[in-house]
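Remarks on the structure that follows.
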Amino acid sequence: MTVKAQPSPARKGVRLRRLLREIWRNRFMYLLLVPGLLYFAVFCYGPMYGIQLAWKEFAANAGVVGSRWVGWANFAFLFKEAEFWNAIRNTLTIAGMQIALAFPFPILLAILFNEVWQPGLKRVMQIVSTFPHFLSWVILSSIIFNLFGNAGTVNNMVVAFGGQKLNFLMSKEIFRWLLLFSLIWKESGWNTILYMATISSIDQSLYEAATIDGANRFQRIVHITWPGMQSIVTATFILRVGMIMNAGYMQVLTLYNPSVYEVGDILDTYIYRITFQKAPKYGISTAVGMFKGVVNAALMLSAEAVSRRLSGEGLL
Amino acid sequence: MTSKRACRLLGLILTLSLLLAGCQAPSGAPESGTAAPTAGAATPEPNTNGSEASADALAEHLTLTANVRNAEVQGADALWDYFAEKFNVTIELIPMSFNERHEKARIWVSSGDMPDLLWMDLDEKMFAEYANWVRQGMFKAYPADIAEKYPNIGTEYGLEVNVGDELMTIDGALYAHPAIRGNPEYDFMSGMSWVYRRDWAKAVGLYKEGDLYTWDEFVALNEAFVKQDPGGNGPGKTIGMGTEIFYFPHAFGIYQTSAEFGYGSFSPKDGKYVWTTARHETLEGLKIAKDLYDRGIIWPDNPLGQAPDDQFKAGLMGSDFNNFDQGRLDSCRKALQENFPEIDPFEAMDYAFVVGPDGTLWCKQSQCYWGAVCMSAKLSDEKAARWLTMLDWMLSDEGKYFRMYGIPGKDYSIENGSLTCLWPQSEIYADLQADPYPQNVRQWYMDYSGGVSAQVVPNVSTPKQTIADANAKFQYLKDKGFMRAFDYASSYLSAPSKDASGNFTTETSDKMIELLTTVSADQLETEWTNWLASMEEKVQPVLDELNSMIADVPTEAAPKVFVP
């Protein structure tokens with residue numbers, strides 16, 4: 001049996017002093033961390049004290065801390081609600097579609113952009129594809145209504161070609177695809193930035209050597225570009241899986257309607273509706289949020305473990 | 001600075017951030033366990049005798065916060081300056097849009113960020129929350145002797161038709177001032193009614209004298225609008241019928257078979273309350289709406305929540321079912337005149353009286369008030385007294401003239417008991433005067449104190465024909481129609497199951513929209529019946545509660561068959 005030597009308290013003190021000295025030496029660099037730390041402290045960790053509401057019945061006069069404890073009653077109520085399970089099913093389905101189809105799209109786009117030889121054309125394509133990211137979902141939903149509504153451009157074109165109008169926005173069969181394609185349209189360009197940056201950091205001499213060795217474009221992509229991107233793709237994949245219960249709150253909220261609640265109501269919109277559109281049930285909506293957070297964390301850790309086992313790379 | 005101090009400083013910043021992030025009790029909330037103010041316990045001394053406040057009582061300048069719709073046009077005009085100066089007060093307005101009115105009220109009260117004066121759309125759907133907040137001590141009670149000390153408020157509450165103050169009374173104390181509607185002379189009849197393009201009806205050869213239609217005639221008329229396109233909008237672009245989303249799809253069949261709101265409220269039948277949604281009239285109405293929707297007579301995009309009035313004003317829609325009082329009628333006519341100068345809007349559009357499939361000319365009653373004002377529990381007695389002084393004045397004759405016309409001597413004058421409006425001549429209408437103040441500038445006054453009956457303060461800026469048309473509609477419906485009375489007893493009962501579940505209005509409306517737009521006509525009844533069965537577990541406890549707690553279930557009046 002081997003016994004690991006424990007560092008002595010004196011040695012610990014030396015290491016701490018060394019660390020602090022290092023921080024002080026680079027204090028201005030560390031100062032740059034402060035806004036980020038403050039952001040997480042104020043907006044992510046600070047509000048966590050409200051999680052206790054998941055086990056409480058909120059009373060306005062008592063506030064979060066003073067409200068009455070109700071044990072697991074909020075969760076028990078929630079797990080009996082058919083709407084909750086429907087929201088989970090929709091969240092997983094929509095997020096699954098996003099991971100399967102929307103996630104690879106910017107990777108592919110980045111590789112294609114990288115293959116464009118003319119720098120001017122490449123820049124124009126990047127700007128055009130990135131622009132929709134800067135429009136909010138509220139504006140984009142108006143554009144989508146005008147495009148796909150009954151009197152919208154698409155239906156007018158369908159009628160002009162002798163077809164029948166389609167109820168795009170109120171069709172249960174179409175709605176999820178509408179979400180998916182509008183997401184790809186809005187975010188793919190923006191998401192290519194990370195991958196483009198990664199590709200640009202790949203050593204150019206590898207491409208030159210491969211070209212001399214007779215590798216064609218496709219072979220260069222498969223054997224140089226893709227391996228060079230793999231670690232960043234893995235990291236973003238793990239992060240995306242860790243957010244699987246986030247299926248696009250603002251997008252769904254601005255686009256859905258009662259006709260498609262059955263296929264479009266996700267956990268976040270469900271929380272919104274039970275919190276603000278009816279008599280508020282803060283305890284129950286916090287319980288949903290809590291449930292969501294736990295599932296997300298579990299899935300992220302699972303994805304990390306799977307990734308390490310399969311590729312030897314992980315995020316944590 | 002040593003590394004230890006830097007570390008401490010960083011730690012301090014993080015700790016403060018956490019504290020600031022929210023580890024504090026809601027600032028506006030009374031301490032847990034604090035008893036709610038009792039009736040009349042903190043009666044502020046009135047600062048006025050009737051509508052005239054004494055100078056001493058108004059000597060101290062006070063600042064009040066209050067939420068309001070259309071805040072962008074409030075508080076920046078001569079009216080506001082006059083009002084603020086008169087009462088030596090600054091009112092800081094907190095903006096709130098119409099669509100977020102419930103959401104904002106909930107957030108403000110729950111987080112302790114409630115303004116001094118909170119206006120709420122405190123209808124029967126919000127009443128349970130209001131009662132709950134009252135019992136948690138979030139609001140300050142209005143004085144028990146309010147009617148005696150503030151005579152104009154007393155007069156308003158004393159009106160036989162006004163039961164708002166009784167409804168707002170919880171455990172013996174009043175916690176909200178209900179802003180009474182402006183049409184008591186028509187028993188608070190709802191303005192929900194059809195307006196239609198009479199010129200289009202003539203163009204398709206289906207016009208009926210007196211704008212009176214049977215249901216089948218009206219459906220045929222709207223179908224003709226869609227197919228024949230009398231407005232020349234182009235193939236597939238003319239809309240038949242539309243309504244506001246909050247009344248979809250009830251406007252297209254359910255109203256005409258029951259005149260119920262149908263938002264899942266409860267109605268008396270055979271001596272006990274039943275769920276209106278589950279009544280056969282609702283299903284019959286839903287089938288009618290489904291048929292109209294499938295035939296393309298109802299605006300296909302209506303379920304997406306866009307405004308029907310815009311389509312009507314743009315000349316794209318034939319019939320619009322909405323709350324058409326004289327203001328909305330005037331707005332539509334003005335828009336038509338602007339958009340289509342070649343047509344006479346008074347001739348081209350008007351009310352349509354549509355008799356339901358059962359032979360009844362339906363109309364329905366609203367609550368007697370629109371919105372209510374609560375005072376924050378934190379509000380000082382001085383500020384509460386100032387608010388009541390302002391309110392009392394706004395409800396006086398002088399206050400009503402101020403709210404409708406403006407500043408005495410500048411906007412109106414009274415000589416020998418005769419009132420003269422001094423507004424400039426209208427540039428559009430020869431016999432009218434033009435309101436010199438921007439639109440919606442009176443929102444705060446109206447929301448906070450109530451409507452003003454046109455019979456008390458005549459409207460001088462709306463065309464006489466529009467006023468006459470609107471009044472004639474109300475009178476005709478009052479004489480010939482059948483008005484379903486508003487049932488206060490079941491709507492305003494606060495009881496555990498009902499308070500927890502609400503009245504299922506949203507669920508009902510959402511399900512109707514879903515079925516109307518996504519299932520076939522053959523499946524409709526089965527799907528509807530299945531959904532009703534799935535809701536029974538939630539609805540039955542509320543029904544049991546209603547039937548056990550309301551001793552005298554009102555007798556349901558039989559609809560009066562229309563006689564021309």
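Note on naming: letters A, B, ... go to the chains in the order of the sequence lines (proteins, then strands), and numbering restarts at 1 for each one. In this text the structure is predicted, and so the values were computed from the model without any measurement.
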Worksheet, complete the sentence: If you tally heavy-atom pairs under 4.5 Å between each of A:Glu83, A:Lys172, A:Lys165 and chain B, the highest tally belongs to A:Lys172

Practice prompt. Would you mind telling me which of B:Gln306, B:Glu129, B:Arg106, B:Lys511 has the largest number of heavy-atom pairs within less than 4.5 Å of chain A?
Written response: B:Arg106

Practice prompt. Counting only heavy atoms closer than 4.5 Å, note whether A:Tyr282 contacts chain B via side chain, backbone, both or neither.
Written response: side chain

Worksheet entry | Contacting region of A:Glu173 [heavy-atom separation from chain B under 4.5 Å] | neither

Fill in: Pick from B:Gly502, B:Pro303, B:Pro235, B:Gly234 with the largest number of heavy-atom pairs that fall under 4.5 Å of chain A
B:Pro303

Worksheet item: Can the ring centroids of A:Phe40 and A:Tyr45 be said to lie less than 6.0 angstrom from one another?
Response: no

Worksheet item: So which of A:Arg27, A:Glu81, A:Met48 has the biggest tally of heavy-atom pairs under 4.5 Å with chain B?
Response: A:Glu81

Discussion item. At a 4.5 Å cut-off on heavy atoms, which part of A:Asn257 comes close to chain B: side chain, backbone, both, or neither?
Written reply: side chain

Worksheet item: Do B:Arg135 and B:Asp171 sit within salt-bridge range, that is, some charged N less than 4.0 Å from a carboxylate O?
Response: yes

Discussion item. Would you call the rings of A:Trp55 and A:Phe75 parallel, tilted or perpendicular, taking 30° and 60° as the class edges?
Written reply: tilted

Fill in: A:Arg25/A:Glu22 salt bridge by N-O under 4.0 Å criterion
yes

Discussion item. Can you confirm whether more than 12 heavy atoms, excluding those of A:Glu57, are under 6.0 Å from its CD atom?
Written reply: no

Worksheet item: Which bit of B:Glu537 comes within less than 4.5 Å of chain A, counting heavy atoms only: side chain, backbone, both or neither?
Response: neither

Worksheet item: Parallel, tilted or perpendicular for B:Phe248 and B:Phe252, by the 30°/60° rule?
Response: perpendicular

Worksheet item: If you measure only the distance, is there a donor-acceptor pair under 3.5 Å linking the side chains of A:Asn74 and A:Lys281?
Response: no

Worksheet item: Non-hydrogen atoms of chain B under 4.5 Å away: do they reach the side chain of A:Phe148, the backbone, both or neither?
Response: neither

